[in-house]
Protein chains: 2
Amino acid sequence: MPCVYEYSRPALTVDCVVFGFDGGDLQVLLIRRGLEPFKDRWALPGGFVHLDETLDEAARRELAEETGLREVFLEQLHTFGAVERDPRERVVSVAYFALVKPTAATAATDAAEAEWFPVASIPPLAFDHAEIFAAALARLRGKLRYDPLGFELLPPKFTLSQLQGLYEAVLGTALDKRNFRKKVLGFDLLVPLNEKHRDGAHRPAQLFRFDPAKYRRLKKQGFLFEL
Amino acid sequence: MPCVYEYSRPALTVDCVVFGFDGGDLQVLLIRRGLEPFKDRWALPGGFVHLDETLDEAARRELAEETGLREVFLEQLHTFGAVERDPRERVVSVAYFALVKPTAATAATDAAEAEWFPVASIPPLAFDHAEIFAAALARLRGKLRYDPLGFELLPPKFTLSQLQGLYEAVLGTALDKRNFRKKVLGFDLLVPLNEKHRDGAHRPAQLFRFDPAKYRRLKKQGFLFEL
DNA sequence: TTGACTTAGTGTTAATTTAACACTTTATTT
DNA sequence: AAATAAAGTGTTAAATTAACACTAAGTCAA
């Protein structure tokens, strides 16, 4: 714990790994750097923590400033503190990972130098951002199994096929359709809507929404969402 | 990512939640503060991050300085950045959790103002350390289920009863002896030693050691240690 | 030395969960 | 109206988990 305040200090930043899902691939939002070092390289959105804001607030502010995204799912990931991670001086960065729904996601592409990349083909990144990205992806894959994170990547109304496709894209494995549906419907956390999703020359699909309030209630009672 | 370096900076510290197990209760190591603020309150060991060390190094250094502990299991937990968490000025703290084996643990009690407390009866803590402690305990409980962390809290040679007692103490639930033994032996990660643990007027117990190298090998192949 | 005591150690069975698998339904398009 | 394409639906075998009680091996005291 702090006792004296006389050391010179590292700079403190936040960086965000923003994931999106377009129905096919899991994607990450990157920013092209306009300044040295790593000018013109792709990088994670982020920036300095101000003295009057929490770390979460800093992450949300930077995300809004650099990508236009607001109201996204945001969770702290890990803090990266290698001594030479920034070539100029000591910078410690608190990394976040964010999940955005497709509706919000399109807004991000408006941002001048922001672009979505499929996670399987990320360009070379500035600083240690490749390491941060890898950690975020590993975390997302891990958490998806026992936390209903997936819904943060889908529109508010979605079909079971979309949900399954998301799980398959993130986890990188094929899932059995019948077993998948049995399982997720068994939790009783998906509310069927009076609405169908029409999409091409075939049978339309039932739309559902996720019931987050019910999930929170169940979680307090020790319930675990497991895939 | 950093672009300019002109903001005034938060101070950066590390704090460690050090867990130990005495065969009965899960315990935490606390330090009595000698200085204001929170003078004479109990607090987590920790201190400032120097410019020439990583965060992990800072945590190990502070742990050694304040408690005498070295070579402990150490993992980054979460970074705490509430604006008013230190009453004097803005301080952001990277929290770690540490697991120490009983052999090492006794060394810690030599440290002047360090003391072990059962996690069920922690005194009031300085700063936001109660929150950090709660996060660490939740993380330990969560991770114990799917990561072989428990061995970091036991001596290198241990009996299955000791191992089970540890799991029960941390998770707070009773476990079935036969099922527990079947499960952990089934992983084939415990090596029986040519040695028995004698302890009182009853049958002595087989001693085992954990095989970390084998575990790492299996983990790479997607194996999960699950209780 | 023997009997009482205490913890170590051990298997079987029922219940639950998971994994594998194929056809019918409902819309659109031509 | 026929072709197409994804949606939707149950059963069974296999694997895992949960429940449960006695014997074994040592120490200690009478």
Side-chain angles (χ1 to χ4, degrees), chain A residues 21-24 144-146 150 154-155 157-169 171-210 218 222-227, chain B residues 21-24 144-146 150 154-155 157-169 171-210 218 222-227:
Chain A
F21 181 62
D22 67 354
L144 195 66
R145 290 172 198 282
Y146 61 88
L154 290 177
K157 302 170 178 184
F158 53 86
T159 70
L160 292 182
S161 294
Q162 290 173 325
L163 184 64
Q164 182 178 346
L166 167 62
Y167 271 80
E168 291 178 331
L171 300 178
T173 59
L175 300 171
D176 180 89
K177 180 159 64 157
R178 280 176 291 189
N179 293 337
F180 180 83
R181 295 162 101 92
K182 228 180 302 170
K183 186 102 176 205
V184 299
L185 290 176
F187 294 139
D188 218 42
L189 287 167
L190 299 188
V191 182
L193 302 171
N194 289 326
E195 217 173 327
K196 305 256 175 194
H197 178 70
R198 285 184 170 69
D199 172 39
H202 52 83
R203 179 171 177 174
Q206 175 69 50
L207 283 165
F208 293 86
R209 67 175 183 83
F210 176 62
L218 287 171
F223 164 85
L224 245 187
F225 180 95
E226 287 255 22
L227 198 82
Chain B
F21 180 62
D22 67 354
L144 196 65
R145 290 171 197 282
Y146 60 90
L154 290 176
K157 303 170 179 184
F158 53 86
T159 69
L160 292 183
S161 294
Q162 291 173 326
L163 184 63
Q164 181 177 346
L166 167 61
Y167 272 80
E168 291 179 332
L171 300 178
T173 58
L175 300 171
D176 180 89
K177 180 159 65 159
R178 280 176 292 188
N179 292 338
F180 180 82
R181 294 162 102 92
K182 226 180 303 170
K183 186 101 178 204
V184 299
L185 291 176
F187 293 138
D188 218 42
L189 288 168
L190 299 189
V191 182
L193 303 170
N194 288 326
E195 217 174 325
K196 305 256 175 195
H197 179 70
R198 285 185 171 68
D199 171 39
H202 53 83
R203 179 173 178 174
Q206 175 69 51
L207 283 165
F208 293 86
R209 69 174 181 83
F210 176 62
L218 287 172
F223 165 84
L224 245 187
F225 179 94
E226 286 256 22
L227 200 82

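Keep in mind the model is a prediction, meaning the values are calculated, not measured.
- Taking the screw axis at each terminus of the helix from dT1(C)-dA30(D) to dT30(C)-dA1(D) from five consecutive base pairs, the angle between the two is 10° to within rounding of 10 degrees.
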*When you check every protein heavy atom under 4.0 Å of nucleotides 14-23 of chain C, what one-letter string (B, S, -) results, 5' to 3'?*
----SBBBB-

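- Taking the six-membered ring for Trp, F180(A) and Y167(A) have ring centres closer than 6.0 Å.
- Under the 4.5 Å side-chain criterion, counting only non-hydrogen atoms from C-beta, K157(A) is in contact with L193(A).
- The shortest side-chain heavy-atom distance between F210(B) and L190(B) falls under the 4.5 Å cut-off.
- Going from atom CD of Q206(A) over to atom P of dG8(D) covers 7 Å, rounded to whole Å.
- For the pair L207(A) CG and dA7(D) P, the computed distance is 11 Å after rounding to whole Å.
- With rounding to whole Å, F180(A) atom CZ is found 13 Å from dG8(D) atom P.
- A close approach under 4.0 Å does occur between a side-chain nitrogen or oxygen of S161(A) and OP1 or OP2 of dA7(D).
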_Intermediate values then yes/no, side-chain contact (heavy atoms from CB on, under 4.5 Å), Q206(B) and S161(B)_ = CA-CA 10 Å; Q206(B) 175 69 51; S161(B) 294; over 6 Å; no

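- Computed from coordinates, the D199(B) CG to dC5(C) C1' distance equals 14 Å when rounded to whole Å.
- Here L207(B) contributes atom CG and R209(B) contributes atom CZ; the two are 12.5 Å apart, rounded to the nearest 0.5 Å.
- No side-chain heavy atom of T159(B) sits under 4.5 Å from any side-chain heavy atom of D199(B).
- With rounding to the nearest 0.5 angstrom, the CD atom of Q164(B) is 13.5 Å from the NZ atom of K183(B).
- Residue Q162(B) contributes atom CD, which lies 12 Å from atom C1' of dA8(C) at whole-angstrom precision.
- Interatomic distance, Q162(A) CD to F21(A) CZ, rounded to the nearest 0.5 Å: 8.0 Å.
- Interatomic distance, NZ of K182(A) versus CG of L185(A), reported as 11.0 Å (0.5 Å rounding).
- Contact annotation for T159(A): no contact, since no heavy-atom pair falls under 4.0 Å across all strands.
- Atom P of nucleotide dG8(D) and atom CG of L163(A) are separated by 12 Å, given to the nearest angstrom.
- Distance CG/L218(B) to CG/D188(B): 8.5 Å, rounded to 0.5 Å.
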*For nucleotides 24-30 of chain C, read 5' to 3', which letter fits each nucleotide if B means a protein heavy atom sits under 4.0 Å from the base, S means only the sugar-phosphate is that close, and - means neither?*
-BBBBS-

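- Side-chain contact between L154(A) and L166(A): present, with at least one pair of heavy atoms (C-beta onward) separated by less than 4.5 Å.
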